[in-house]
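A quick write-up on the structure given underneath.
So that the names make sense, note that chain A is the first sequence line, chain B the second, and so on, each numbered from 1.
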There are 2 protein chains.
Amino acid sequence: MFDLILKNVARHITLTPEETDYFTSLLKPRKLRRRQYLLQPGDIMRHECFVNSGCLRCYLVDEKGQEHVVHFAIEEWWTGDMYSFLTGQPSAYYIDALEDSEVFLIDKPQFEQLFIDIPKFDRFFRRLLQNAYVAMQHRISQNLTLPARERYLNFIQQYPQFEQRIPLRQIASYLGIAPESLSRIRKQMMRR
Amino acid sequence: MFDLILKNVARHITLTPEETDYFTSLLKPRKLRRRQYLLQPGDIMRHECFVNSGCLRCYLVDEKGQEHVVHFAIEEWWTGDMYSFLTGQPSAYYIDALEDSEVFLIDKPQFEQLFIDIPKFDRFFRRLLQNAYVAMQHRISQNLTLPARERYLNFIQQYPQFEQRIPLRQIASYLGIAPESLSRIRKQMMRR
DNA sequence: AAAAATGATTGATGTATGTTAAGAGAGGGA
DNA sequence: TCCCTCTCTTAACATACATCAATCATTTTT
C-alpha cells in the first residue's frame, strides 16, 4: 500500500523499520472520486498530501469565472496550498481530482511532531522542496521567455504522461493559453 | 558583520556559540561592484549565496538578445541557480549586481558537510525553501490570472523597497512586460 | 437509450501588449 | 566639466493571443 511513498522516501533518507512504521502510521489514506474536491476557497489546508494514484489539480477562479490551473499532481508528493498549510490562513485555491485518485494525508500537528521525533525528515522535505523549487523556477523562466507554442512543446516533452491523461483545456490553462489557441497550435503542428 | 544572516538563522533554529562560530567560518564575504557578474551562462554554481547588502538579479538572455529577469535578491538568502548548484550542470543564467553589494558564499562541499555536522540546518533550509516556494507559487498564480497592470500594482505593494531601488525596465522584465508597456501603465495610473 | 454535460475544433473579430524608432533627462566616468 | 551611456517616455504600427460563437464528438448521468 505504501510502496510508492516509501520508495520515494528511501531515495533521500534511510529509515529503520520502527521509523517506517511510525511514519506510515501517520498516513491517512483517502480515496477521491473524479471531480471530488479536496479543498475549496475559504478552507484551511490542514494536512500534507501525497498522491499515490490518480491525478489532482490545483486551480484558481478569477472574477470572470475563468479557471486557472496552477498545479497538477500525479503520483508524487505535493504541497496542496502550502501557504494555507503554513500560515493557517484560508486558501484561495480549489483542489480537486481529475481522475479517481488515492492520496495519503498527514495532519499538520502530526506532521510537525514528525520532524521533532525523526529529524531526518527535515532532510527529506528539504530535498523535495529543492526539487520543487527548481521545477518552479524553470517554469517561470519558460513563461518569461517562450511563446505559447514552445511552452506547449516543452510541456509534452517534459511530462509525456500528462499529455495522455489530462484534458487539453487543463493543459492550456496551466500554460497560460486559451484552449482555442492551444487547439490551433496543435493543428499547426499536425501539418508538418 | 554577520548580524543580518545570524538574525535570519535565529528566526528558525537556535545555535550554540560553537555552532555559530562554525557556521560563520564557512561564510566567505565577497564584494560585488555594480554590474559585476557573479555567474554567467556555462558556469557552474559552486556555492550557496546570502545577500548581505545591495541587490542582485538573475536573468536569462533569449536568442533575440532580450534579457528576462527571473529573480531579484535583496538582503536575504537565495539560491542563485539552484538547478546548477544541485546537479553540477552548467547554468543558463546570468547573475549580476544591480548595486554595489556584499554577499556571503558557502562552497558546496562545506555546505553539504554543514548538514552532516549540524542537522539543525536541514530544518533551517527546509523553512527557507518553504517560504520561497510559497512566494513562487504566488507569483505563478498572479501571472496566470492578472493582466499587466494588476501585476505591477501588486508588485509595488508587495515589494515597496524594490520600487525605489530597481530600474523600471528590470521590474517590467520580472513581471513579463515590455518596458514601454510598463511606462504606459504608469502614465495611465498618474491620470487618476 | 436518451439526455445532458464536457471537451475539442474552427472561424470571425477584438485587444492587450510587443516592436520599432526617436527624443529627453539623469547619472556615472574620464 | 563634458560626454556618454543608461533609463524613461511617447508615438505609430504590428501581432500573438484572447474572446465570442457555433458545431461536432465524446463521455457521463439519468
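- Comparing atom distances between the B:Glu180 side chain and each of D:dT10, C:dT17, D:dC8 picks out D:dT10 as nearest.
- B:Asn143 places its CG atom 15 Å from the C1' atom of C:dA16, with the value rounded to the nearest Å.
- Contact annotation for B:Arg35: backbone-only contact, meaning every heavy-atom pair under 4.0 Å involves sugar-phosphate atoms and none involves a base.
- Among C:dT19, C:dA8, D:dC8, the nucleotide with an atom closest to any side-chain atom of A:Pro167 is C:dA8.
- Nucleotide C:dA16 holds its P atom 18 Å from the CG atom of B:Leu175, rounded to whole Å.
- Taking the side chain of A:Ile177 as heavy atoms from C-beta on, and the options D:dA18, C:dG7, D:dC8, the nearest nucleotide is D:dA18.
- For A:Lys187, the side-chain atoms get nearest to C:dT10 when compared with the rest of D:dT10, C:dT6, C:dT10.
- Between B:Phe155 and B:Tyr159, the ring-plane angle classifies as tilted under the 30° and 60° cut-offs.
- A donor N or O paired with an acceptor N or O is found under 3.5 Å between the base of C:dG11 and the side-chain atoms of A:Arg184.
- The shortest distance between the side-chain N/O atoms of B:Ser181 and the OP1/OP2 oxygens of C:dT17 is not below 4.0 Å.
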- request: Let me see the working for A:Arg33 and A:Asp100 under salt bridge (Lys or Arg N to Asp or Glu O under 4.0 Å), right down to the final yes or no.
  value: CA-CA 4 Å; A:Arg33 290 207 202 285; A:Asp100 290 350; 5.1 Å; no
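- In this structure, of C:dT9, D:dC8, D:dC17, it is D:dC8 that holds the atom nearest to the side chain of B:Arg169.
- The 5' end of DNA chain D is approached more closely, in terms of each residue's nearest nucleotide, by B:Leu182 than by the other of A:Ile185 and B:Leu182.
- Using the six-membered ring where Trp is involved, B:Phe2 and B:Phe104 have ring planes that are tilted, between 30° and 60° apart.
- Put simply, B:Gln66 has no side-chain N or O that comes within less than 4.0 Å of OP1 or OP2 on C:dG18.
- Counting to the nearest Å, the C1' atom of D:dC17 and the OH atom of A:Tyr152 are 17 Å from each other.
- Using bins of under 30°, 30° to 60° and over 60° for the plane-to-plane angle, the ring pair B:Phe72/B:Phe162 lands in the perpendicular bin.
- Distance A:Arg149 CZ to D:dA18 P: 16 Å, rounded to the nearest Å.
- To the nearest angstrom, P of C:dG7 lies 15 Å from CZ of A:Arg186.
- With hydrogens and angles ignored, no donor-acceptor pair under 3.5 angstrom links the side chain of A:Arg33 to the base of D:dT28.
- B:Met189 is listed as a side-chain neighbour of B:Leu153, based on a closest heavy-atom distance under 4.5 Å.
- A straight line from CZ of B:Arg34 to P of C:dG28 spans 7 Å, rounded to a whole angstrom.
- Between B:Leu168 atom CG and C:dA26 atom P there is a gap of 14 Å when expressed in whole angstrom units.
- Protein atom CG of B:Leu98 is 14 Å distant from nucleotide atom P of D:dC6, rounded to whole Å.
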